[in-house]
Amino acid sequence: MRFFLFLLLAAPRLFAQTVVIDAGAIIDGRGSVLHDKRITIEGSRITGIADRPKSRAANASVIDLRNYTLMPGWIDTHVHLDWHFGKDGKIVRQQKEDPEALVLYDAENAWLTLQGGFTTVQSVGSRPDGFVRDRINDGHLPGPRILTSIRQITKDSGNPEQLRALVRQTKADGADLIKLFATSGLGAGGAQTMTDEQIQATCSEAKGQGLRSVVHAIGDSGIRASVLAGCTSIEHGNFISDESLQLMAAHGTYFDPNFLVLHNYLEHLAQYDFPPATETKLRNAVPTSADVLRRARKYGVKVVLGTDAVAGAHGRNAEEFIYRVKDGGDKPMDALISGTSLAAEALGLGNTVGSIAPGYEADLVATEGNPLEDISAVRNVVFVMKSGRIYKNKQ
């Protein structure tokens with residue numbers, strides 16, 4: 001009886017499926033390019049990388065990706081999976097949507113994102129994210145690995161002691177991280193809204209609870225207060241100063257300037273019903289964001305890849321790579337590292353995903369064409385694998 005119980009418990013490990021992939025070119029996520037390799041996958045993990053045999057048996061079961069470029073599954077550190085357009089084509093605000101419908105849209109957008117080559121995302125955040133995350137983790141829904149903040153914390157969420165309690169409650173509710181708004185939005189000018197004490201309480205309590213803290217911060221004062229409070233990552237940073245960038249580099253704070261969200265809003269102006277003044281601010285923000293990215297690179301800031309994907313952007317997350325190279329002047333390899341190993345590190349998953357190496361999850365994406373030669377190749381996703389399971393194979 002004990003032997004059969006052992007077999008039952010050990011079955012996933014003992015009888016894990018073996019998958020072999022022959023790759024012509026591999027961008028490993030850490031800055032290296034490998035050629036003519038054979039990757040062996042046992043269950044959900046990569047177990048070996050070796051030189052590809054010059055010939056193979058006719059009956060060998062091998063996935064042939066020799067004519068494509070293979071990379072780690074991409075990671076988006078900033079999405080909003082619940083955002084969607086309604087039947088009239090207009091944006092639907094979360095509070096005006098039926099909860100049941102919201103979960104379905106969340107799951108649909110998760111699927112679109114996975115098909116676009118992103119095997120891990122950080123959704124920041126709404127309650128439906130947690131339900132979809134758990135169903136994906138249990139194997140009942142197809143989708144990327146999801147980390148979620150469940151809710152968002154703002155200046156109106158309470159005094160410092162109430163904020164500490166809310167952080168603890170958010171963890172108890174199943175959050176993977178804390179999301180807070182240190183400033184207003186771009187349209188409102190980006191001024192600091194939470195006090196220094198509120199920011200300090202939120203981020204320090206998050207750290208004490210073993211959670212990361214991701215901060216919406218447009219203006220410089222809110223950014224600086226968040227960095228000094230020990231928050232993990234700054235999102236947007238449109239009006240950041242050189243001094244604050246240097247402070248971020250010194251503190252090891254991650255930085256996520258977002259391009260796709262700006263272009264997506266501009267492409268869907270009528271659907272979002274933005275006033276003319278907001279359109280002007282969005283257009284002006286594109287060159288400003290490009291300047292911020294160049295300065296962040298200059299000072300050695302840890303730049304990760306996040307899109308702030310909202311309605312209209314899900315499934316098109318890879319456009320962020322293109323905007324960062326063509327608008328922001330990033331080197332293609334730097335942009336890809338931002339969306340693989342460095343993004344994984346920022347999410348606390350640096351030893352699990354974001355790299356093609358033995359022991360890592362078999363999260364893989366292959367493109368027709370080489371993004372190092374033409375970054376727009378990221379649009380041509382032909383193969384997606386997450387944890388050893390194939391979700392797309394158009395080769």
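Throughout, numbering of the chain's residues begins at 1 and tracks the sequence.
Y299 and D242 share a donor-acceptor pair across their side chains, judged by distance under 3.5 Å alone. A donor-acceptor contact closer than 3.5 angstrom is absent between the side chains of R212 and S233. If you check the side chains of R389 and Q17, you find no donor sitting under 3.5 Å from an acceptor. T18 and E42 share a donor-acceptor pair across their side chains, judged by distance under 3.5 Å alone. Under the 3.5 Å distance criterion, with hydrogens and angles disregarded, no donor-acceptor pair is assigned to the side chains of T202 and Q200. E320 and T307 form no side-chain donor-acceptor contact under 3.5 Å, judged by distance and modelled atom types alone. Under 3.5 Å, the side chains of S123 and D129 contain a donor-acceptor pair of N or O atoms. In this structure, a donor-acceptor pair under 3.5 Å is present between the side chains of R164 and S204. Side-chain N/O atoms of T183 and Q192 include no donor and acceptor closer than 3.5 Å. Donor-acceptor pairing under 3.5 Å is lacking for the side chains of H84 and D106. Side chain to side chain, H236 and N258 meet the donor-acceptor criterion of an N or O pair below 3.5 Å. N264 and R316 form a side-chain donor-acceptor contact under 3.5 Å, judged by distance and modelled atom types alone. Counted by atom type alone, H78 and E235 present one or more donor-acceptor pairs between their side chains at under 3.5 Å. When only modelled atom types and interatomic distance are considered, T148 and R133 share no side-chain donor-acceptor pair under 3.5 Å.
A salt bridge is defined here as a Lys NZ or Arg NE, NH1 or NH2 lying under 4.0 Å from an Asp or Glu carboxylate O, and R379 with E319 meets this definition. With respect to R66 and D36, no salt bridge is recorded, no charged nitrogen being found less than 4.0 Å from a carboxylate O. Using a 4.0 Å cut-off between a side-chain N of Lys or Arg and a carboxylate O of Asp or Glu, E368 and K394 do not qualify as a salt bridge.
Using a 4.5 Å heavy-atom threshold, the side chains of T120 and L349 count as touching. Using a 4.5 Å cut-off on side-chain heavy atoms (C-beta onward), W111 and Q115 make contact. I27 has its side chain out of reach of L34: every pair of non-hydrogen atoms, C-beta onward, lies at least 4.5 Å apart. Using a 4.5 Å heavy-atom cutoff, the side chains of T119 and L114 are in contact. Counting heavy atoms from C-beta on, the side chains of R38 and D51 never come closer than 4.5 Å. Put simply, the side chain of V384 does not reach to within 4.5 Å of the side chain of L364, judged on heavy atoms. For the pair M248/I240, a side-chain contact is recorded, criterion being any heavy-atom separation below 4.5 Å from C-beta on. Side-chain atoms of I21 and K37, non-hydrogen and from C-beta on, never get closer than 4.5 Å to each other.
At least one donor-acceptor pair under 3.5 Å links the side chain of S341 to the backbone N or O of G29. Within the 3.5 Å criterion, the main-chain N or O of Q198 finds a donor-acceptor partner in the side chain of T195. Judged by distance alone, the side chain of N370 and the main-chain N or O of L372 form a donor-acceptor pair under 3.5 Å. T340 places a side-chain N or O within donor-acceptor distance of the main-chain N or O of L336, the cut-off being under 3.5 Å. Under a 3.5 Å cut-off, the side chain of N317 and the backbone N or O of G315 do form a donor-acceptor pair. Although no hydrogens or angles enter the test, the distance criterion places no donor-acceptor pair under 3.5 Å between the side chain of D363 and the main chain of G73. Between the side chain of T278 and the backbone N or O of F274, no donor-acceptor pair lies under 3.5 Å.
No close placement of the Y68 and F383 rings is indicated, their centers lying 6.0 Å or farther apart.
Heavy atoms of other residues, nucleotides or ligands lying less than 6.0 angstrom from NZ of K171 number more than 12. Counting non-hydrogen atoms of neighbouring residues, nucleotides and ligands closer than 6.0 angstrom, the NZ atom of K207 reaches no more than 12 such neighbours.
The distance from atom CH2 of W83 to atom CD1 of I91, rounded to the nearest 0.5 Å, is 5.5 Å. For the atom pair CG of D156 and CE of M194, the computed distance is 9.5 Å after rounding to the nearest 0.5 Å. Atom CZ of R224 is separated from atom CG of D196 by 10.5 Å, given to the nearest 0.5 angstrom. To the nearest 0.5 Å, atoms CD1 (I178) and SG (C231) are separated by 11.0 Å. Distance CG/L228 to CD1/I223: 12.0 Å, rounded to 0.5 Å. Here the CD1-CG distance, from I146 to N137, works out to 8.0 Å after rounding to the nearest 0.5 Å.
Smallest separation of non-hydrogen atoms from T253 and T232: CG2-O, 3.5 Å.
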- Can D291 and R295 be said to form a salt bridge (charged side-chain N to carboxylate O under 4.0 Å, His left out), step by step? CA-CA 6 Å; D291 174 67; R295 289 189 289 123; 3.0 Å; yes
- Message: T367 vs N380, test: side chain to side chain donor-acceptor pair (under 3.5 Å). Steps then yes/no.
- Response: CA-CA 5 Å; T367 61; N380 306 322; over 6 Å; no
- Go through the steps to decide whether R151 and T170 satisfy the test side chain to side chain donor-acceptor pair (under 3.5 Å), and finish with yes or no. CA-CA 7 Å; R151 62 171 54 89; T170 302; 2.8 Å; yes
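Scanning for side-chain contact (heavy atoms from CB on, under 4.5 Å) contacts around A346 gives Y254, V304, with sequence neighbours left out.
Each of R297, R324, R294 was compared with D330 under the salt bridge (Lys or Arg N to Asp or Glu O under 4.0 Å) criterion, and only R297 meets it.
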